[in-house]
Amino acid sequence: MALLEVNNLEVSFGLRSGGVKALRDINFKLDRGERIGVVGESGAGKSVLGFSILNLISNPGSITGGEILFEGKNLSKLSAGELRSVRGNRISMIFQDPMMTLNPVLTVGEQMIECLMAHRKIRKEDARNIALQKLKQVYIPSPETRLDQYPHELSGGMRQRIVIAIGLLMDPDIIIADEPTTALDVTIQAEIMELMLELCERNNVALILITHDLGVVSQVTQRTIVMYAGRIIEQGPTKEIINDAQHPYTQGLMNALPQMAVPGARLNQIRGAMPPLQRIPTGCAFNPRCDYVTETCKHNLPGFTESGSCLVACHMVAEMKREAAQAASLAQEVQS
Amino acid sequence: MIAFLIKRTLQAMVVMFVISLISFSIQDNLGDPLRELVGVSVSEVEREKLRDDLGLNDPFLVQYGRFAANALHGDLGTSYFFKEPALDVILKKLPATLELVFGATLIIVVLSVPLGVYSAIKPGSLLSRLVMGLSIVGISIPVFLTAIGLIYLFSIELGWMPSYGRGETSSLLGWDSGLFTGDGLHHLILPSFTLASIMLPLFIRLIRAEMMEVLQSEYVKFAWAKGISPWRIYFVHALKNTMLPVITVGGVQIGTMVAYTILTETVFQWPGMGFLFLEAVNRVDTPLIVAYLIVVGAIFVVTNTLVDLIYGLVNPTVKLAGGK
């Protein structure tokens with residue numbers, strides 16, 4: 001049994017202008033110790049996906065369908081108290097901006113100890129010792145002093161280390177990291193990512209890494225989920241997706257990387273912009289921006305096609321494969 | 001800390017100088033003190049002589065200089081009506097006013113925090129809507145109308161509460177107070193609620209608005225993700241941040257409340273400074289008026305300094321100049 005299994009998850013936001021579905025038909029599995037990357041443009045629903053796993057979506061949003069099975073328990077059906085015993089304990093989260101994540105009026109120690117005391121019957125001194133250990137694990141210099149400091153006395157990179165340490169406090173099974181390095185200085189980004197990779201590997205923690213950065217995904221994760229307009233459009237082993245993306249959108253993302261551009265030439269980009277959730281086009285949501293669009297794409301929602309070890313939601317995958325094969329055989333004929 | 005106190009003391013001296021200048025300069029526009037002082041039967045010559053004796057014919061700056069020099073020695077002039085030092089007259093009435101302000105502050109703190117927090121956590125609930133609706137009503141009704149309404153309902157119709165006066169007082173360490181007798185407390189209830197009626201809705205709304213904003217913040221979301229109890233999130237994580245701006249506004253409002261006591265004390269015949277001030281205005285007792293303005297100004301300055309000190313203690317990101 002997978003550690004985490006998400007089936008047909010649907011998340012909606014009730015707005016005055018009517019409900020909007022932020023996530024639809026989300027299906028994926030996460031094994032113990034596995035690291036999975038979630039990528040896509042801003043607004044694709046990556047963060048909502050991360051928050052929905054712990055049922056942390058704030059009003060007016062809510063989970064309106066599907067199930068999130070964690071060790072067989074459906075997290076979306078748990079009571080508030082049961083959910084609390086999972087949050088920060090079995091599954092913890094790391095947020096985007098460490099400047100905003102820590103409470104400015106509580107010391108680092110208070111914010112760590114309260115988490116331990118919420119989940120374990122433990123004396124304050126013991127909790128403090130555990131907090132100290134975790135700070136050492138994330139390589140914080142002079143951790144004893146840090147415990148009594150307030151967040152504003154620490155740098156951004158230091159604060160994110162503390163947030164990671166809080167995430168690790170209860171030795172969780174899963175860490176959900178929502179763009180953990182986006183708000184940091186470029187020089188710190190690599191350090192923090194390396195630290196997270198090291199800690200996950202050492203403690204056998206599964207990681208859901210939500211990010212824009214395909215480079216990070218390829219270094220850290222084993223599997224990748226690509227999202228577009230609230231749906232998963234491609235998922236599979238990270239290597240296959242990076243080296244041989246099937247979906248035209250994923251291909252576009254890969255081509256948009258600055259490394260892929262010819263030096264001196266304009267950078268590649270996917271034309272157009274992601275549609276707002278209220279006006280998602282019929283058929284394949286990507287069809288207005290797609291180079292391979294056909295009539296079918298405009299009317300029918302594509303199901304998943306298996307391609308290698310990947311699942312791809314595109315009508316044209318088979319077509320494109322056939323074309324590629326034809327071209328290859330043609331080239332062979334010409335050669336012979 | 002010491003540097004902070006020195007700086008604030010210097011600032012306070014400048015503020016007090018400006019207050020004294022302004023309050024002293026308006027006294028000429030309040031009416032002729034002679035008329036109240038001597039009545040109609042005194043001849044113009046005698047009046048002119050009295051004016052000279054009182055120094056009322058001197059140039060403004062000379063008058064102010066004399067006043068300021070005396071004020072620095074703790075002498076704010078002698079009340080025309082009471083024939084006593086104006087400061088003594090006011091300080092005698094100060095305990096009654098402070099008790100009233102204390103009672104109102106207590107009501108505001110005890111009610112506004114739970115009501116504000118509750119209506120921020122459950123904005124859609126019936127109680128929240130009721131509180132929000134009533135608070136608009138509370139802000140809109142003038143103090144004297146609230147006072148008359150309360151007297152009509154609780155004193156006349158129901159007969160539960162005394163309608164005027166301070167009741168029995170007892171002396172504790174030289175402080176003549178109504179806080180330690182049942183009768184005194186009984187008399188304090190209606191005036192306190194009246195005085196609180198303007199500020200209470202303001203504070204409920206302020207706390208609610210601040211709290212709602214804080215509850216949307218990332219660190220509260222993160223606290224939820226840590227799995228700690230809602231009680232701790234609301235009252236430790238959120239409330240502490242909510243109170244920072246509330247403390248600042250609160251300090252200014254306590255000062256304002258001292259000023260509002262004029263209306264409340266008048267309606268309830270409460271023998272405090274505000275009531276005294278109104279009488280002094282009617283009698284054109286200019287030394288008393290000036291002294292009152294200066295005392296109230298001093299109260300403002302002291303409360304604001306205290307509030308800044310408290311703010312520095314609550315908010316770790318604020319370091320008082322020269323502090324740790």
Side-chain angles (χ1 to χ4, degrees), chain A residues 47 50-51 53-60 80-108 110-120 148-153 159 162-163 166-167 169-170 172 175-178 183, chain B residues 113 117-125 128-129 207-248 307-320 323-324:
Chain A
S47 293
F51 281 108
I53 292 170
L54 280 177
N55 211 339
L56 275 170
I57 303 164
S58 43
N59 262 330
E82 290 169 316
L83 203 56
R84 248 196 339 269
S85 67
V86 175
R87 288 175 181 165
N89 185 13
R90 307 315 324 143
I91 304 178
S92 60
M93 278 197 82
I94 294 169
F95 284 21
Q96 192 176 116
D97 188 351
M99 298 300 190
M100 315 291 287
T101 314
L102 295 170
N103 194 321
V105 300
L106 299 174
T107 63
V108 169
E110 283 173 311
Q111 300 189 49
M112 296 186 82
I113 290 165
E114 69 176 359
C115 183
L116 285 161
M117 310 252 299
H119 296 296
R120 258 187 231 169
D148 297 317
Q149 281 182 322
Y150 288 95
H152 70 93
E153 297 174 81
R159 287 190 221 182
I162 284 164
V163 172
I166 291 175
L169 274 175
M170 296 299 298
I175 291 179
I176 302 167
D178 185 7
Chain B
V113 173
V117 168
Y118 177 82
S119 53
I121 296 171
K122 298 231 182 309
S125 78
S128 303
R129 288 179 197 192
I207 290 173
R208 176 182 125 108
E210 288 296 332
M211 183 89 173
M212 286 177 96
E213 202 178 310
V214 170
L215 287 179
Q216 294 296 317
S217 69
E218 286 289 298
Y219 54 81
V220 167
K221 251 191 191 171
F222 188 61
W224 286 113
K226 286 199 290 188
I228 59 181
S229 69
W231 190 89
R232 198 174 156 83
I233 290 175
Y234 291 136
F235 289 97
V236 177
H237 280 260
L239 189 60
K240 224 175 159 186
N241 285 288
T242 301
M243 290 320 279
L244 293 179
V246 176
I247 288 171
T248 314
V307 164
D308 283 352
L309 278 174
I310 293 171
Y311 189 84
L313 292 179
V314 179
N315 188 353
T317 60
V318 172
K319 287 260 160 59
L320 302 178
K324 181 200 119 190

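The chains referred to below are lettered A, B, ... by the order of the sequence lines, with proteins before strands, and numbering in each begins at 1.
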Given the options Thr101(A), Leu83(A), Ile166(A), Ile91(A), which has more heavy-atom pairs under 4.5 Å with chain B than any of the others? Thr101(A)
For chain B, the option from Asn89(A), Leu56(A), Asn103(A) that forms the most heavy-atom pairs under 4.5 Å: Asn103(A)
Counting distance only, does the side-chain N/O of Thr107(A) pair as donor-acceptor with the main-chain N or O of Asp148(A) below 3.5 Å? no
Shortest non-hydrogen contact from Ile207(B) toward Val117(B): CG2-N, 4.0 Å
With a 4.5 angstrom heavy-atom cut-off, is it the side chain or the backbone of Gln111(A) that approaches chain B, or both, or neither? both
Give a yes-or-no answer on whether the side chains of Glu114(A) and His237(B) include a donor-acceptor pair shorter than 3.5 Å. yes
Which label fits Tyr150(A) and His152(A): parallel for a plane angle under 30°, tilted from 30 to 60°, or perpendicular past 60°? parallel
